[in-house]
Amino acid sequence: MGEKTFYVTTPIYYANAKPHLGHAYTTLVADSLTRFKRQRGIDTFFLTGTDEHGVNIERAAAASGVPLQVHVDRMVTEYREAFARFGIEYDRWIRTTDDYHEEAVQNLWRLLDERGFIYKGNYEGWFCAYCNEFKDVEDENEPICPVHERPLDKVAEESYFFRLSALQQPLLDLYDSRPDFVRPDARRNEVRSFVAGGLRDLSVSRASVKWGIQVPGDPNHTVYVWLDALSNYITALGWGNERHHDFERYWPALHLVGKDILRFHSVYWPAFLLAAGIEVPHTVFAHGMWLSGGRKMSKTMGKTIELSILHRHFTPDMIRYFVLREMAFGQDGDFTYGALIDRVNADLADGLGNLASRTLTMVRSYFDGIPPRPAGETQSDVADVILQAKTKFDKEFHALNFSRALEAGWIGVARLDKFITDSKPWSLAKDPAARSRLENVIAIAYEGLRHIVLLTAPVLPETTRQIWSQLGLAGDPLLINPNEARWGEPLEVSKVDRITPAFPKLAKDKIMAEIEEEKEKPQIEEPKREASDPPPETAIAQTLSPPLAETIAIEDFVKVDLRVATVLEAERVPKADKLLRLVVDVGEPQPRQILAGIAQHYSPETLVGRKIIVVANLAPRKLRGLESNGMLLAASVGEEGKPVLATFAEDVPNGARLK
Ligand code: MSP
């Protein structure tokens, strides 16, 4: 990470259970930070992925009764789909089961071994399979994991060790010479005291775990999952493998992690790198935890905020704004739906959304849709307030103080709102003599709004794009550096005409009651509805989804033969970036081949075994010389129309018809 490049990572998530809000949180932060840096012209790389080895994953696969590879592939699909639904745009998704990663981890092991940091010994201790960590226990008669409140396993086995103890002084020197290495400060102090208290060598192999990367030269051992997992941050860039070639360009990284895994990132990880002679990360930032009812959200303890419930009632922008605004980055916060609704209503619906509708409506009514531009000499202090908000936003965002940055942005929103109210443009509009004053007021409102939209685009990517286009401006606000946008500069603007509210006001009591009901039936993807009920997400869908196609008769619909199918094979079509060739079982004697334009969003290996829906009576057609005999169904999400495959929560036989 040089001056002109920026590399941000999230933890790689365990492929043992479905993603919840906690996982989405770090990833949303990384995504917004990436958009922020790119908007300012910084060459940025954003990595996320999945941690797929170890005893936890073995157990989860056994519990769901499927082969390990099928299990991890399914979990990866769950994660990728969840993140796609939030509009998250990472640059690379690493899986610890990727062969290039496995090869690179073995290379790292060899290097550590050659440099004298690995030796063989015996280990005996209390092991928590959920933390994947040996634990110190207070009471040998009742060994319980303090995090998971579950019994620990006694593990005694031959193991390879890493000479962590030899790295104590280099680590202390690192913390002392680079105060920004661990952030925030309070966490750095904790980590420093932990290391100053003495370090024992670390067991870095497991003889009892089969689902892992083999230790080079010893088939009886697999590499300890944390050594395997932490290495992802460099292997994904091409360290130790030939698959990628981005290491020189982007390393070192900013690692965003929850405080739950800080020690692994700020002690073990730099220790491995120092031992291997590889540059350490730039910064490890430990953020706090979202609590649910005062307790940590945890999949193993069944206390999570379900993403399906969140998506049913809120748009990705609302959730993203809330999590960045509500929680001071670094501290814990309690997640409540009530607080989310209140913030959306106050800051988005009544705040930015209302400011946008007011301003646009006035441009349309008083100036026939052509926005007046500010005249230099009649500027008010509003311009100064907005420019100060911009400077503060920029500074706080760079410093990862997202909540303070947004607070600064909303000082701008409030000032503009007050300016409009105080200037009473509706009265000025009635007085022909006040025309130039009216022009000035609307010009300032429009210009202020334009700057606020540019500023908040990394946190509200969908809605700001929508407001931008309603302002009559071309392109995407994320492609314009707010620091280069000057107040009152000449603009190419097309006429303001269609105005749709950016944020609907949420009906708190109604939504809270619905959520309470849904919480009783966790894991259900869609609530049961009567055929006559309106479609779900009504309030949100009205403003965000494309208009409905024209009404058709039932006779038209029955002409479309929709069938349940399973993907048997999937592969990329050479020289076609977007196409995958699938072989699917539609319940007929012979499988059929279909081509689907989803290669940029689904990797072929994640599709095999998946249930999909196919339009089975579509006339065959040829694409790139291959015949496609049908079409798969996918939702088209966001402005780019990202495909998200339609599937079933329950098991359905191939060939079943959808009516
Ligand atoms: N696989 C390891 C990480 C290896 S990184 C080399 C792991 N995975 S995890 O699936 O358990 O994800 C942990 C991370 O998810 C946390 O560090 C944090 O980034 C995020 N969160 C999980 N629960 C969270 C909250 N309740 N609140 C905020 N973030 C949370 O640990």
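Indexing begins at 1, ligand by ligand and atom by atom, following the structure's order. All values below come from the heavy atoms of this structure, side chains included, with hydrogens, waters and symmetry mates left out.
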Item checked: Donor-acceptor pair, side chain of Arg163 and main chain of Gly116, under 3.5 angstrom -> yes

Margin query: Using a plain distance cutoff, I'd like to know if Met289 has any nitrogen or oxygen under 3.5 Å from a nitrogen or oxygen of ligand 1.
Written below: no

Checklist line | Carboxylate-amine/guanidinium contact Glu81 Arg610, below 4.0 Å | finding: yes

Check: Mind checking whether His20 has a heavy atom under 4.0 Å from ligand 1?
Finding: yes

Note to self: Are any of the N/O atoms on Gly258, whether in the backbone or the side chain, positioned under 3.5 angstrom from an N/O atom of ligand 1?
What the structure shows: yes

Check: Can you list the atoms of ligand 1 that are under 4.0 Å from a heavy atom of Tyr233?
Finding: 5 (S), 6 (C)

Checklist line | Check: Asn232 N/O within less than 3.5 Å of ligand 1 N/O | finding: no

Next item on the list: Please list, chain by chain and in numerical order, all residues satisfying side-chain contact (heavy atoms from CB on, under 4.5 Å) with Asp91, sequence neighbours excluded.
Entry: Arg38, Phe45, Phe46

Item checked: Check: Thr48 main-chain N/O paired with Thr10 side-chain donor or acceptor under 3.5 Å -> no

Margin query: Against ligand 1, does Ser292 come closer than 4.0 Å with any heavy atom?
Written below: no

Next item on the list: Run the contact test for Trp226 against ligand 1 with a 4.0 Å cut-off on heavy atoms, strictly below, and give the result.
Entry: yes

Checklist line | Distance in Å, Ile94 CD1 paired with Asn232 CG, rounded so as to fall on 0.5 Å steps | finding: 5.0 Å

